[in-house]
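Have a look at this one before I ask anything.
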There are 2 protein chains.
Amino acid sequence: MTENKNNKKKLNHIAIAVSDVVQASKIWRDNLGCIISEVHKLPEHGVKVIFVEFSNIKIELLEPIDKNSPISNFLEKNPKGGIHHICCEVKDISKVKKNFAKNKIRILGDGSPKTGAHGNPVIFLNPTDTHGTLIELEEVK
Amino acid sequence: MTENKNNKKKLNHIAIAVSDVVQASKIWRDNLGCIISEVHKLPEHGVKVIFVEFSNIKIELLEPIDKNSPISNFLEKNPKGGIHHICCEVKDISKVKKNFAKNKIRILGDGSPKTGAHGNPVIFLNPTDTHGTLIELEEVK
């Protein structure tokens with residue numbers, strides 16, 4: 001955490017946007033023997049999700065539910081699919097937000113945390129300010 | 001591993017291509033308090049690397065050394081930078097290769113493992129056949 005620089009932070013997940021989560025999950029299950037979840041529908045987030053479980057992290061395969069999904073634009077630009085974002089856990093979003101303001105890193109939307117897919121507060125950093133990588137921060141107490 | 005479906009596999013790293021690893025590493029160090037490494041030069045792989053250490057995985061920030069670098073094309077298409085690939089550990093590349101052949105997933109290059117940046121055999125799967133995500137497989141005994 002920022003308040004204790006000797007503690008390593010944890011990456012929560014890697015999100016991959018695809019047009020069909022069931023097809024995409026087969027890459028991992030049938031070729032590499034990975035453990036995959038059932039399809040989870042998250043209409044409030046505009047996506048269907050299959051989790052690919054690793055010993056140290058999970059991949060979230062995301063498929064848009066409709067054209068208003070937050071990943072629909074990404075799939076229009078990347079029709080084959082691709083790695084959409086990575087999510088890093090933080091203990092206190094309000095504390096790290098102060099650093100972003102100081103270092104001129106913008107937060108997407110109105111800047112206030114939203115409730116993420118895991119029920120925790122999340123923000124997304126503007127990838128223009130983070131060398132092209134979309135970074136989600138999830139507050140995990 | 002494919003030979004034991006009850007064992008979860010491990011993701012080794014997430015590789016992010018950027019034009020300047022030192023600048024990009026500051027996002028993680030100065031804002032989130034992450035632990036970062038020194039710059040490692042890997043001329044045989046055409047890149048400079050800074051590792052961002054998490055408790056469960058590492059990010060490898062990659063900067064091309066010259067225009068012949070394997071990530072130069074990616075940065076021409078994505079000048080801000082972006083997530084380049086993810087690396088999954090496998091016990092035996094020759095065993096998983098049989099699945100890829102069966103499922104018509106192509107391997108980049110001539111199909112034979114090369115020595116990766118960690119000194120282990122690696123292959124990269126053709127992202128056209130893996131829903132747009134570039135997947136590296138690293139043999140870790």
Side-chain angles (χ1 to χ4, degrees), chain A residues 1-12 14 16-21 23-24 26-35 52-59 61 75 78-86 88-90 96 99-100 102-103 105 125 127-135 137, chain B residues 1-12 14 16-21 23-24 26-35 52-59 61 75 78-86 88-90 96 99-100 102-103 105 125 127-135 137:
Chain A
M1 302 300 135
T2 49
E3 57 267 44
N4 180 352
K5 294 199 180 220
N6 293 318
N7 275 352
K8 288 184 184 173
K9 301 186 91 67
K10 185 178 177 188
L11 279 194
N12 183 280
I14 302 160
I16 298 179
V18 292
S19 59
D20 184 327
V21 286
Q23 284 304 313
K26 291 180 182 172
I27 300 288
W28 299 95
R29 187 193 64 187
D30 297 351
N31 295 280
L32 292 166
C34 292
I35 296 166
V52 187
E53 302 285 353
F54 295 85
S55 62
N56 56 330
I57 197 166
K58 60 182 178 284
I59 289 175
L61 299 171
L75 282 171
N78 304 277
K80 286 186 300 192
I83 305 171
H84 185 262
H85 69 264
I86 52 178
C88 179
E89 296 183 2
V90 296
V96 293
N99 297 329
F100 298 128
K102 195 172 62 188
N103 295 318
I105 295 171
L125 305 181
T128 301
D129 301 340
T130 59
H131 300 262
T133 294
L134 180 58
I135 301 169
L137 299 175
Chain B
M1 304 298 135
T2 49
E3 58 266 46
N4 181 353
K5 295 199 179 220
N6 293 319
N7 275 352
K8 287 184 184 173
K9 303 186 88 68
K10 186 179 176 188
L11 279 194
N12 183 280
I14 302 160
I16 297 179
V18 292
S19 58
D20 184 327
V21 286
Q23 284 303 315
K26 291 179 181 173
I27 301 287
W28 299 95
R29 188 193 64 186
D30 297 350
N31 295 282
L32 293 167
C34 292
I35 295 166
V52 187
E53 302 285 354
F54 295 85
S55 61
N56 56 330
I57 197 166
K58 60 183 179 286
I59 289 175
L61 299 171
L75 282 171
N78 305 277
K80 286 185 299 190
I83 305 171
H84 186 263
H85 69 263
I86 52 178
C88 179
E89 296 183 2
V90 296
V96 292
N99 296 331
F100 297 128
K102 194 171 63 187
N103 294 319
I105 295 171
L125 305 181
T128 302
D129 301 341
T130 59
H131 301 262
T133 294
L134 180 58
I135 301 168
L137 300 175

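Keep in mind the model is a prediction, meaning the values are calculated, not measured.
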**Prompt:** Measuring heavy-atom distances to chain B, does A/Ser19 have an atom under 4.5 Å in its side chain, in its backbone, in both, or in neither?
**Reply:**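 Looking at A/Ser19, nothing touches chain B.
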**Item:** Side-chain heavy atoms of B/Phe54 within contact of A/Ile57, under 4.5 Å
**Value:**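 When only atoms from C-beta onward are counted, A/Ile57 and B/Phe54 do not touch, as no gap falls below 4.5 Å.
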**Request:** Heavy atoms only, distances under 4.5 angstrom: which of A/Asn78, A/Thr133, A/Leu11, A/Val18 has the most pairs with chain B? Name it, please.
**Result:**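 Heavy-atom pair counts peak at A/Leu11.
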**Asked** What part of A/Ile105 gets closer than 4.5 Å to chain B, counting heavy atoms only: side chain, backbone, both or neither?
**Response**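 Just the side chain, heavy atoms under 4.5 Å.
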**Item:** Max heavy-atom pair count under 4.5 Å with chain B, selected residue of A/Lys26, A/Lys80, A/His131
**Value:**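 Max contact count across the listed options: A/His131.
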**Prompt:** What part of A/Leu61 lies closer than 4.5 angstrom to a heavy atom of chain B: side chain, backbone, both or neither?
**Reply:**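 It is neither, since no heavy atom gets under 4.5 Å.
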**Message:** Is any side-chain heavy atom of A/Phe100 closer than 4.5 Å to one of B/Ile27?
**Reply:**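 Result no, sub-4.5 Å side-chain heavy-atom pair not found.
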**Asked** From A/Asn31 CG over to B/Cys88 SG, what is the distance, rounded to the nearest 0.5 angstrom?
**Response**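 It is 11.0 Å, given to the nearest 0.5 Å.
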**Asked** Which region of A/Leu125, side chain (C-beta onward) or backbone (N, CA, C, O), has a non-hydrogen atom less than 4.5 Å from a non-hydrogen atom of chain B, or is it both or neither?
**Response**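 A/Leu125 has no heavy atom closer than 4.5 Å to chain B.
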**Non-hydrogen atoms of B/Ser55 and A/Lys8 that approach each other most closely** =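 It is N-CB, 3.6 Å.
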**Request:** Determine whether A/Asn99 and B/Asp30 make a side-chain contact, defined as any pair of heavy atoms from C-beta on separated by less than 4.5 Å.
**Result:**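 No; the side chains remain at least 4.5 Å from each other.
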**Request:** Applying side-chain contact (heavy atoms from CB on, under 4.5 Å) between A/Ile83 and each of B/Ile14, B/Ile16, B/Ile86, report the one that passes.
**Result:**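 Filter result, single survivor: B/Ile86.
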**Asked** What closest approach, in Å, do B/Lys9 and A/Asn56 show between heavy atoms, and which atom pair accounts for it?
**Response**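 Looking at all heavy atoms of both residues, the shortest contact is O-OD1, 4.4 Å.
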